[in-house]
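Below is one structure, written out as structure tokens, with a few remarks after it.
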Amino acid sequence: MRDLGAGFGHLLKGQRWVARHGRSYGFGLVPGLITLVLYVAVLVALALWGEDFVGWATPFADDWSSPWLGLFRGFLTAVLFALALLLAVLTFTAVTLLVGQPFYEALSERVDRDVSPDGTAPESDLPLWRELWVSGRDSLRILVRAAVWGVLLFALGFLPVVGQTVVPVIGFFVTGFFLTEELAAVALQRRGVELRERLALLRSRRMLVWGFGTPLGVSFLVPFVAVFLMPGAVAGATLLARELLGEEIREGAESQSEDGPADPAVSPGH
């Protein structure tokens, strides 16, 4: 239970860190806003032209009589939009991290330097294109794993009583685990920790991971909240990654303001 509280503590410390480092917070908002605009544009396009697309995709129903034609295509249009909305929720974090790789790398490095006793941060020796490729590949692998869990939990949801009580709770914990992996990958990938090692590392401290990722995953269900929590989530996941690897975290560092000596962007000599 101690790890559960420690994980939630890292989540709060990450949000507090970006709250006290205004420029870093604004910098970290950019990828989420870009992804949000892209997703909204796609959903608006589906709302405007989804019915036309369904009509084009179902020519066999052109001769159906009223009201069956309208009911059939209306149902398919609603399902198409619902699936697009669900896919947007499931992939928002992964796409935002991919779009914002350079932004979040810089943010994570600032956090590392801020909380490190010697003021240094691990740096990746990979070129940007290679980092983007590795990040995209790993995100796809995680999405496949999450989809398998999603199908399994969906099937279990039809069980009487258990499907309406226990299964949703398990779903939140599964979401929290994979969400934490995506966020911690920013700091761990920079340290050269491969996906298989990352998953083993996270499984070794499941309570810590759940304490961080589960409440974050629940909050992400609220529309647009993910955009504003993402910078702090990346900062908190960097702190969590340091704990998983046994790296020291300088006490009180995350509470320093951006005007203080802890921020290397303000005080290069730190």
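Distance check, rounded to the nearest 0.5 Å: CD1 of I249 to CG of D114 gives 11.5 Å. Taken to the nearest 0.5 Å, the CG atom of L46 stands 12.5 Å off from the CD atom of E51. From L97, atom CG reaches atom CD of Q189 across 10.5 Å, with rounding to the nearest 0.5 Å. Taken to the nearest 0.5 Å, the OG1 atom of T175 stands 11.0 Å off from the CG atom of L216. The CG atom of L11 lies 11.5 Å from the NZ atom of K13; values are rounded to the nearest 0.5 Å. One distance of note links CZ of R205 with CG of D3; it measures 4.0 Å at 0.5 Å rounding.
Centroid-to-centroid, the aromatic rings of F212 and F8 stay 6.0 Å apart or farther.
Considering all non-hydrogen atoms of both residues, S219 and L229 come closest at OG-CD1, 3.4 Å. Heavy atoms only, all atoms of each residue included: L29 and V227 are closest at CD2-O, 3.4 Å. Here the closest non-hydrogen pair linking S108 and V234 is CB-CG1, 4.4 Å. The nearest pair of heavy atoms linking G14 to L239 is N-CD1, 4.3 Å. Between R110 and S24, the shortest heavy-atom distance links the atoms NH1-OG, 3.1 Å. Here the shortest heavy-atom pairing between L183 and A233 reads CD1-CB, 3.8 Å.
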>> Apply side chain to side chain donor-acceptor pair (under 3.5 Å) to residues R113 and T120 and explain how you reach the verdict.
In response: CA-CA 5 Å; R113 291 194 182 96; T120 62; over 6 Å; no

>> Show, in sequence, the C-alpha distance, side-chain angles and deciding distance for L76 and F81, and conclude whether the side chain to side chain contact (heavy atoms under 4.5 Å, CB included) test is met.
In response: CA-CA 9 Å; L76 288 183; F81 188 83; over 6 Å; no

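In the hydrophobic cluster analysis, where Ile, Leu, Val, Met, Phe, Trp and Tyr join through side-chain heavy atoms closer than 4.5 angstrom, V54 is grouped apart from V42. In terms of hydrophobic clustering, with Ile, Leu, Val, Met, Phe, Trp and Tyr side chains grouped at heavy-atom distances under 4.5 Å, F103 and V37 are assigned to different clusters. Grouping the Ile, Leu, Val, Met, Phe, Trp and Tyr side chains by contacts below 4.5 angstrom, directly or via other members, places F75 with L80. V186 and L140 fall into different hydrophobic clusters, where Ile, Leu, Val, Met, Phe, Trp and Tyr are joined by side-chain heavy atoms under 4.5 Å apart, directly or via other members.
The residue from E105, E247, E109 that alone fulfils the salt bridge (Lys or Arg N to Asp or Glu O under 4.0 Å) condition with R191 is E247.
When side chains are defined from C-beta on, M230 counts as touching F220, because their heavy atoms get closer than 4.5 Å. Side-chain contact between H10 and L208 is present, with at least one heavy-atom pair separated by less than 4.5 Å. Inter-residue side-chain proximity for V209 and T214 is flagged as unmet; no heavy-atom pair is nearer than 4.5 Å. The shortest side-chain heavy-atom distance between S116 and D112 does not fall under the 4.5 Å cut-off. Side-chain contact between Y104 and L107 is present, with at least one heavy-atom pair separated by less than 4.5 Å.
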Can you list, pair by pair, the side-chain donor-acceptor contacts under 3.5 Å of residues 143-163, counting residues two or more places apart and other chains?
none

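Looking only at distances, no side-chain donor or acceptor of R206 sits under 3.5 Å from a matching main-chain atom of L202. Looking at Y25, its side chain does come within 3.5 Å of a backbone N or O of F228 through a donor-acceptor pair. Between the side chain of R73 and the backbone N or O of W68, no donor-acceptor pair lies under 3.5 Å. No side-chain donor-acceptor contact under 3.5 Å links R198 to the backbone of L188. The backbone N or O of P122 lies less than 3.5 Å from a partner atom in the side chain of R190, making a donor-acceptor pair. Proximity of a side-chain donor or acceptor of S204 to a complementary backbone N or O of L201 within less than 3.5 Å is detected.
Under a 4.0 Å N-O distance rule, the pair R141/E181 does not qualify as a salt bridge.
Between W64 and F72, the angle of the ring planes lies from 30° to 60°, which puts this pair in the tilted group. Taking the six-membered ring where the residue is Trp, F92 and Y39 present perpendicular rings, their angle passing 60° and hence far from 30°. Below 30°, between 30° and 60°, or above 60°: for H21 and W17 the angle between ring planes is below 30°, a parallel geometry.
Atom CD of E243 sits in a crowded spot, with more than 12 heavy atoms from other residues, nucleotides or ligands closer than 6.0 Å.
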